[in-house]
Amino acid sequence: MKFNKQKSPQAEKEFGGTLGATCIPVFLPLTVLYLLCVCRSPVASVLQWPPVLPPTAQLWDPLAPVLILGWMALQSFFYLLPMGKVSEGMVLKDGSRLKYPINGFHALCITAVLLTLSLWLGMPLGYLFELLLPLAVCAIGVSFILSLYLYICSFWAPHHALAQGGNTGNPLYDFFMGRELNPRIGSFDLKYFCELRPGLIGWVVINFGMLMKEVELRDSASLAMILVNSFQLLYVADALWNEEAVLTTMDIVHDGFGFMLVFGDLAWVPFTYSLQAAFLVVHPQSLSLLGATAIVTLNGAGYYIFRKSNSQKNQFRRDPTHPSVANLETIATATGKRLLVSGWWGLVRHPNYLGDLLMALAWSLPCGFNHLLPYFYVVYFTVLLIHREARDERHCRAKYGLAWDSYCRRVPYRIFPYIY
Ligand code: NDP
């Protein structure tokens, strides 16, 4: 294959352009380490000055790279096992469609069996709490190495395999955004694998490790810890159960595979999404039955909105004649695709984000109201989804033109009805 330096002519820079692409890979890894340090400090204040800094010895443990690489290898092995069906992705620029194994839920179940077995054999899973910082350092290191590998390899990819946004010719920006859309080693799809496997399953394993640490320290798991573990396990199990839906998301269809996604998948998700569980190890919270019921209801409502709206759109995109969506009101677009203007997608333009944010709040509430840190996820996620919504709007306006404008007039609110 020949060396490909071609640029995308009309690529418009996102995430603050070159400045953003230079600063974010420095700032976000430091944020992960900082949050982990704050989380285990007695005060757990994100606003503490001078900031909590770990002694260098706490950042490294020779076990950490073994665990991270072993974990990646184990999940890759599950990915390659001939389990589950094989599905086709969206049509690519050259008219072809890639094949993807839909066996993420199988991987989660096998991981759960292995975890139970290792507990039974006496493996001290609670030790993950002590290892959090070194594990995060290694995951960040792996993210940089993998992104560099992807950036270099992308120069041998054919032009039609490059993403729209990540080949501007600026090395820092392209390294960050990712040049190639679907980098593969043989049939092993690196982006699809990283999206839902090592980081997402790793997140619930870390959570479980925090629960076991709590059992070690206080002889039983608290209600708050059980709620956080259960809610987040439901979220991860749901994502893997509906794994096929990831094939139509912006990450897979539009974005290149560069540092932004690699770091997000491998380091940011497992180590910042598990902050609530890690926080509860050091800062136990008591929760009344009434409080717990209210939180469970909030999570249930969020999950319902999130699941129903995502399923409605996926069903509509896969088969608009299916009885569950055939009666919904739609508007035509010049591309031949239609847009839903009733049902969940007639309530707000991103009902799935609304449900996701309600769940995010329910995950933080078990940690009480005395600290900001457990609410980091809600705040960050609100910013992420507002930014993501704006990116998606831009793509949809470019794709659907006037039809998108009339959808916006019909459904004026973006995420929160009557608010935003
Ligand atoms: P969405 O699932 O919201 O998909 C957006 C796409 O849906 C648009 O580009 C358009 O694509 C299609 N669409 C938009 N409006 C309509 C309509 N009215 N009728 C029909 N199709 C429409 O994108 P995301 O990938 O952002 O989100 C997927 C899920 O993942 C969400 O639930 C989100 O909350 C979650 N998420 C979670 C994250 C986490 O870290 N926990 C991070 C990011 C997302 P087209 O028309 O081309 O089909």
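For ligands, and for the atoms within them, numbers begin at 1 and follow the listed sequence. Remember, it's a predicted structure, so these values are computed and weren't measured experimentally.
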For [atom], what is the nearest protein heavy atom, given as residue, atom name and distance?
{"atom": "atom 47 (O) of ligand 1", "result": "Lys399 NZ, 2.6 Å"}
{"atom": "atom 32 (O) of ligand 1", "result": "Asn310 ND2, 2.9 Å"}
{"atom": "atom 30 (O) of ligand 1", "result": "Asp356 OD2, 4.6 Å"}
{"atom": "atom 23 (O) of ligand 1", "result": "Tyr353 OH, 4.0 Å"}
{"atom": "atom 19 (N) of ligand 1", "result": "Leu340 N, 2.9 Å"}

Salt-bridge criterion met for [X] and [Y] (N-O under 4.0 Å):
{"X": "Arg338", "Y": "Glu329", "result": "no"}
{"X": "Lys13", "Y": "Asp174", "result": "no"}
{"X": "Asp392", "Y": "Lys399", "result": "no"}

Exercise for the section: Cation-pi check, Arg349 to Tyr413: give yes when NZ or CZ is under 6.0 Å from the six-membered ring centre and within 45° of the ring axis, no otherwise. Expected result: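 No, Arg349 does not sit over the ring of Tyr413.
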Short list, please: which atoms of ligand 1 are under 4.0 Å from a heavy atom of [X]?
{"X": "Thr249", "result": "25 (O)"}
{"X": "Cys396", "result": "8 (C), 9 (O), 10 (C)"}
{"X": "Tyr377", "result": "41 (N)"}
{"X": "Tyr407", "result": "18 (N)"}
{"X": "Asp392", "result": "5 (C), 6 (C), 8 (C), 9 (O)"}

Problem - Check: Tyr380/Tyr273 side-chain N/O donor and acceptor closer than 3.5 Å - result: yes
Handout entry: Asn327: side chain to side chain contact (heavy atoms under 4.5 Å, CB included) partners, not counting sequence neighbours
Key = none
Handout entry: Which atom of Leu128 lies closest to which atom of Gly209, heavy atoms considered
Key =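 Shortest heavy-atom separation between Leu128 and Gly209 comes out as CD1-CA, 4.1 Å.
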